[in-house]
Amino acid sequence: MKNILFILAAILLTSISSFAQQKEEKDTVAVTVPKVAYKYNALAPSKAAFYSAILPGLGQIYNKSYWKAPIVWGGIGIGIYSYSFNQGKYNEYRNAYKDLLAGKVLTGELAGLDEDRLRRAQKFHQRNRDLSALVSVGLYLLNIVEANVDAHLKQFNVDDNLTLRPALQQNTIDNKYNLGLTLSYKF
């Protein structure tokens with residue numbers, strides 16, 4: 001019984017879809033829609049990514065997103081500064097640790113530190129140095145990806161024929177505002 005119902009349902013569903021596929025012969029009116037000249041440059045994203053790989057921020061300038069270039073430069077610059085600062089401190093604590101093991105007396109800021117503190121300070125600055133290098137490389141790669149994606153997105157045809165806009169509408173019953181989205185598609 002279940003098989004018969006399944007077969008009947010399958011026949012019914014296929015026959016409905018076959019009726020939907022039939023072409024109706026009616027008088028049709030040809031409507032011509034004026035086409036807007038739209039130019040697509042397939043090499044723009046790769047060119048922007050290449051420029052960003054050569055010099056960070058140059059791809060953003062190529063995409064005419066001038067305000068993003070100082071952000072890229074600042075992020076990578078802070079990462080490089082942090083790397084060099086932690087490398088200097090690591091070397092300072094490492095040399096002091098070597099001097100302490102050699103039997104020399106420590107002077108200056110590091111005079112009161114013992115072996116354990118010097119070792120922990122070395123590990124701390126080494127970890128921060130490595131993390132700074134990783135963040136700098138990550139920001140560099142993110143710069144390249146962002147330039148590529150921005151160049152892709154700049155080539156989309158965005159006009160008023162397809163819009164998605166937020167809208168506030170006042171409720172007539174309680175006079176409160178309702179937030180909604182309006183999707184309009186014009187032919």
Side-chain angles (χ1 to χ4, degrees), residues 38-168 177-185:
Y38 179 68
K39 194 166 107 177
Y40 178 76
N41 184 3
L43 295 178
S46 60
K47 200 181 264 190
F50 176 73
Y51 288 158
S52 280
I54 296 296
L55 180 67
L58 196 58
Q60 284 74 13
I61 293 171
Y62 174 76
N63 290 335
K64 294 184 175 88
S65 298
Y66 302 110
W67 63 275
K68 292 180 184 177
I71 295 172
V72 169
W73 296 329
I76 293 175
I78 288 172
I80 291 171
Y81 172 77
S82 177
Y83 178 85
S84 64
F85 173 78
N86 284 306
Q87 178 66 26
K89 284 294 191 179
Y90 170 75
N91 287 335
E92 181 182 349
Y93 284 110
R94 184 170 172 233
N95 292 336
Y97 181 70
K98 284 181 179 179
D99 289 345
L100 190 64
L101 289 179
K104 295 181 183 176
V105 178
L106 297 178
T107 59
E109 292 179 358
L110 307 177
L113 299 179
D114 59 347
E115 289 182 27
D116 184 48
R117 288 185 181 178
L118 290 174
R119 236 181 299 123
R120 283 190 286 144
Q122 283 180 57
K123 287 181 183 179
F124 173 78
H125 287 290
Q126 182 181 18
R127 185 174 43 247
N128 285 346
R129 179 199 65 191
D130 296 343
L131 185 62
S132 298
L134 189 63
V135 166
S136 296
V137 169
L139 287 174
Y140 173 74
L141 293 175
L142 185 65
N143 154 55
I144 296 170
V145 170
E146 194 280 328
N148 190 344
V149 169
D150 190 35
H152 272 291
L153 292 177
K154 285 200 182 286
Q155 294 188 25
F156 281 117
N157 185 8
V158 181
D159 56 2
D160 287 336
N161 288 338
L162 178 62
T163 57
L164 181 67
R165 292 188 182 135
L168 284 175
Y177 286 97
N178 298 328
L179 180 65
L181 290 175
T182 303
L183 176 66
S184 62
Y185 182 71

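Counting begins at 1 with the first residue of the sequence.
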S.K.: Would you sort out whether Asp150 and Gln60 count as a side-chain contact (heavy atoms from CB on, under 4.5 Å), showing the intermediate values?
M.R.: CA-CA 8 Å; Asp150 190 35; Gln60 284 74 13; 5.9 Å; no

S.K.: What is the minimum heavy-atom distance between Tyr51 and Leu58, and which atoms define it?
M.R.: O-CB, 3.5 Å

S.K.: Check Tyr140 against Ala53 and note the closest heavy-atom contact, atom names and distance.
M.R.: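 Smallest heavy-atom distance, with atoms named: OH-O, 2.5 Å.
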
S.K.: What is the distance from atom CG of Asn91 to atom CG of Asn86, rounded to the nearest 0.5 Å?
M.R.: 11.0 Å

S.K.: Rounded to the nearest 0.5 Å, how far does OG of Ser65 lie from NZ of Lys154?
M.R.: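 Between Lys154 NZ and Ser65 OG, I get 4.0 Å after rounding to 0.5 Å.
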
S.K.: Are the side chains of Val145 and Leu141 in contact, using a 4.5 Å heavy-atom criterion?
M.R.: no

S.K.: Rounded to the nearest 0.5 Å, what's the gap from CG on Leu110 to CG on Leu100? Could you check?
M.R.: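 Here the interatomic distance stands at 10.5 Å.
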
S.K.: How long is the gap from NE2 on His125 to CD on Gln87, to the nearest 0.5 Å?
M.R.: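 It is 11.5 Å, given to the nearest 0.5 Å.
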
S.K.: I'd like to know if the side chain of Arg94 pairs up with that of Gln122 as donor and acceptor (distance under 3.5 Å, no hydrogens or angles considered).
M.R.: no

S.K.: Take atom CZ in Phe50; do more than 12 heavy atoms of anything else shown fall under 6.0 Å from it?
M.R.: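 Counting neighbours around CZ of Phe50, 12 or fewer heavy atoms of other residues, nucleotides or ligands fall under 6.0 Å, so no.
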
S.K.: Taking all heavy atoms of Leu106 and all of Ala96, pick out the closest pair and write down the distance.
M.R.: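 Heavy atoms of Leu106 and Ala96 come nearest at CD2-O, 3.5 Å.
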
S.K.: Using side-chain contact (heavy atoms from CB on, under 4.5 Å), reason through Lys89 and Glu92 one step at a time and then give a plain yes or no.
M.R.: CA-CA 5 Å; Lys89 284 294 191 179; Glu92 181 182 349; 3.6 Å; yes

S.K.: To the nearest 0.5 Å, how far apart are CG in Asp114 and OH in Tyr97?
M.R.: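 Result: 10.5 Å between the selected atoms.
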
S.K.: As an exercise, state the distance from CD1 of Ile61 to NZ of Lys68, rounded to the nearest 0.5 Å.
M.R.: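 So the CD1 of Ile61 and the NZ of Lys68 are separated by 12.5 Å.
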
S.K.: Considering non-hydrogen atoms only, spot the tightest contact between Ala48 and Ala151 and give its length.
M.R.: CB-CB, 4.0 Å

S.K.: For residues Ser132 and Ser82, report the shortest heavy-atom separation together with the two atoms involved.
M.R.: OG-OG, 2.7 Å

S.K.: Apply the side chain to side chain contact (heavy atoms under 4.5 Å, CB included) test between Pro45 and each candidate in Val149, Asn148, Asn63, Leu153; give the one that qualifies.
M.R.: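 Running side chain to side chain contact (heavy atoms under 4.5 Å, CB included) over Val149, Asn148, Asn63, Leu153 with Pro45 returns exactly one hit, Asn148.
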
S.K.: For a 4.5 angstrom cut-off between non-hydrogen side-chain atoms, does Ile78 reach Leu139?
M.R.: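 Answer no - side chains too far apart.
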
